[in-house]
Chemist: 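Got a structure for you, written out below as structure tokens; questions coming shortly.
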Amino acid sequence: MLAALDGLPLEISTGRGLSSVTAVLRGGPGPVVLLRGDMDALPVTEETHLPYASVIPGAMHACGHDLHTAMLAGAARLLSARRAELPGTVIFMFQPGEEGYAGARYMIEEGVLDAAGERPAAAYALHVTSQRVPCGTFSTRPGAMLAAADQITVTVHGRGGHASTPHRAADPIPVACEMVTALQTLVTRKFDVFDPVVITVGSFHAGTTDNVIPDEATFLATARSFSPESRGALAELVPRLIGDIARGHGLTAEAIYAAEYPVTVNDAAEAAFAGETIAEVFGTERGERAEFPLAGAEDFSLVLEQVPGAFVMLGACPPENDPLTAPTNHSAHAVFDDAALADGTALYAELALRRLARA
Ligand SMILES: [Zn+2]
Ligand SMILES: [Zn+2]
């Protein structure tokens with residue numbers, strides 16, 4: 001990463017808490033623009049069998065962040081070459097730990113937003129997708145772009161015993177199962193269908209064998225929402241439902257509702273500016289205004305809470321795959337076409353150049 005920036009006229013600082021890299025390119029007098037690329041991989045063993053597949057079991061760039069890193073380094077190179085005509089300053093935010101570790105929060109705490117000495121006027125992030133949009137097509141929208149993601153940790157406290165005499169024990173398993181289905185009912189009965197939420201229980205653990213009732217059952221869920229109202233309602237209603245179901249069966253339960261990433265909200269003017277830039281640089285057919293937000297989540301939302309900006313998706317589906325059926329990001333089979341790299345690099349650079357020139 002640092003080698004890719006070697007020799008460029010950048011002020012580079014590395015993170016204390018993380019392997020982050022902040023690079024500042026100072027042109028002439030003018031405002032500041034921040035460009036962000038995340039860098040981390042996922043704990044997935046790659047199954048694509050491509051010549052350039054990951055050789056490390058349990059580590060795969062299944063979300064395409066390696067493309068973001070390459071594109072942002074490319075933009076740093078392009079903009080460095082045009083430093084003399086740059087009417088302002090660009091912060092390049094090379095961020096680790098997007099996939100659930102809130103790497104952006106650490107970088108913000110360590111001062112990335114103030115790295116140029118003044119707050120950025122705008123911030124942009126690009127993200128590749130292995131499906132949905134054709135290769136080279138950009139997609140963004142004003143307002144909610146991605147969901148908020150929160151984590152629910154539930155522990156049901158029962159009383160273990162012999163499986164043949166459940167009346168002498170307090171079995172936490174059926175109670176926890178009831179909670180899982182009740183959460184799905186909550187989703188459909190307590191939330192406006194036009195301001196949807198998603199709850200998925202992705203982990204459920206209890207017991208050791210068939211003839212023992214365990215003391216406890218635990219499960220983990222993710223909760224996705226698209227508005228502060230729905231997010232607030234989830235945080236209130238989910239723990240109440242869990243507690244009430246446990247009480248109804250004479251058990252107790254804890255539900256910890258932990259806020260993770262807020263809704264990624266694109267500034268309307270910055271999303272429009274990104275759309276215009278895409279149309280002018282690549283042609284109108286290469287950009288789409290996404291009709292709906294995506295239910296994924298992003299810690300770039302934490303940057304957008306403080307700086308107006310836009311998060312833009314870039315199709316990287318290889319031509320042999322149908323975007324509508326291709327394996328999704330995070331799949332062990334996800335494939336990202338490097339043909340998208342030049343366009344993503346160009347868009348990063350154009351967004352910075354044009355936004356600085358406009359201000
Ligand atoms: Zn991801
Ligand atoms: Zn990602």
Side-chain angles (χ1 to χ4, degrees), residues 1 18-21 34-48 53-54 56 58-73 75 92-107 123-133 135 137-141 144-151 198 200 202-203 220 222-224 226 260-266 290 293-304 309-317 323 326-338 340-341 343-345 347-348:
M1 172 64 259
L18 302 172
S19 57
S20 61
V21 175
L34 182 145
L35 302 175
R36 180 274 210 160
D38 46 6
M39 306 192 287
D40 51 322
L42 282 156
V44 172
T45 298
E46 184 156 356
E47 301 280 355
T48 62
S54 169
I56 304 171
M60 173 186 178
H61 270 297
C63 206
H65 296 183
D66 51 340
L67 281 82
H68 307 163
T69 311
M71 294 188 301
L72 192 59
F92 301 92
M93 176 180 175
F94 291 94
Q95 185 210 307
E98 190 285 322
E99 298 286 1
Y101 302 98
R105 175 171 288 132
Y106 292 90
M107 290 191 75
Y124 307 101
L126 286 185
H127 202 301
V128 292
T129 171
S130 60
Q131 46 102 42
R132 207 179 59 77
V133 288
C135 192
T137 298
F138 295 95
S139 177
T140 191
R141 72 192 304 276
M145 177 74 198
L146 294 159
D150 300 321
Q151 189 180 58
V198 175
T200 293
S203 164
L220 288 175
T222 185
R224 308 286 165 123
F226 299 93
E260 290 190 331
Y261 295 168
V263 181
T264 300
V265 181
N266 282 344
L294 302 168
E298 253 292 338
D299 63 357
F300 189 63
S301 52
L302 299 167
V303 174
L304 293 182
F311 186 86
V312 179
M313 299 297 295
L314 168 58
C317 183
T328 60
N329 287 34
H330 292 203
S331 160
H333 301 276
V335 180
F336 301 90
D337 193 336
D338 282 355
L341 284 173
D343 291 344
T345 305
L347 185 65
Y348 267 136

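Atoms considered below: every heavy atom in the structure, side chains included; atoms not considered: hydrogens, waters and symmetry mates. From a predicted model like this one, the values you see are computed outputs, not experimental measurements. Just so you know, ligand 1 is whichever comes first in the structure, and atom 1 is the first atom listed for that ligand.
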Chemist: Looking at E99, pick out the N, O or S atom nearest to the Zn ion (ligand 1) and give its name.
Modeler: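 Going through the N, O and S atoms of E99 one by one, OE2 ends up nearest to the Zn ion (ligand 1).
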Chemist: Provide the atom name of the closest N, O or S atom of H330 relative to the Zn ion (ligand 1).
Modeler: NE2
Chemist: In terms of side-chain heavy atoms, does H330 have a donor or acceptor partner in E99 at a distance below 3.5 Å?
Modeler: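 Distance-only check passes for H330 and E99.
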Chemist: Please determine which of L314, L35, D343 meets the side chain to side chain contact (heavy atoms under 4.5 Å, CB included) test together with M71.
Modeler: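 Exactly one pass, corresponding to L314.
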Chemist: Name whichever N, O or S atom of H65 ends up nearest to the Zn ion (ligand 2).
Modeler: NE2
Chemist: May I ask you to decide if the ring planes of H127 and F311 are parallel, tilted or perpendicular, using 30° and 60° as cut-offs?
Modeler: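 Rings of H127 and F311: tilted, 30 to 60°.
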Chemist: State which residues pass side-chain contact (heavy atoms from CB on, under 4.5 Å) with L304; sequence neighbours excluded, sorted by chain then number.
Modeler: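 By the side-chain contact (heavy atoms from CB on, under 4.5 Å) rule, L304 matches T264, N266, F300.
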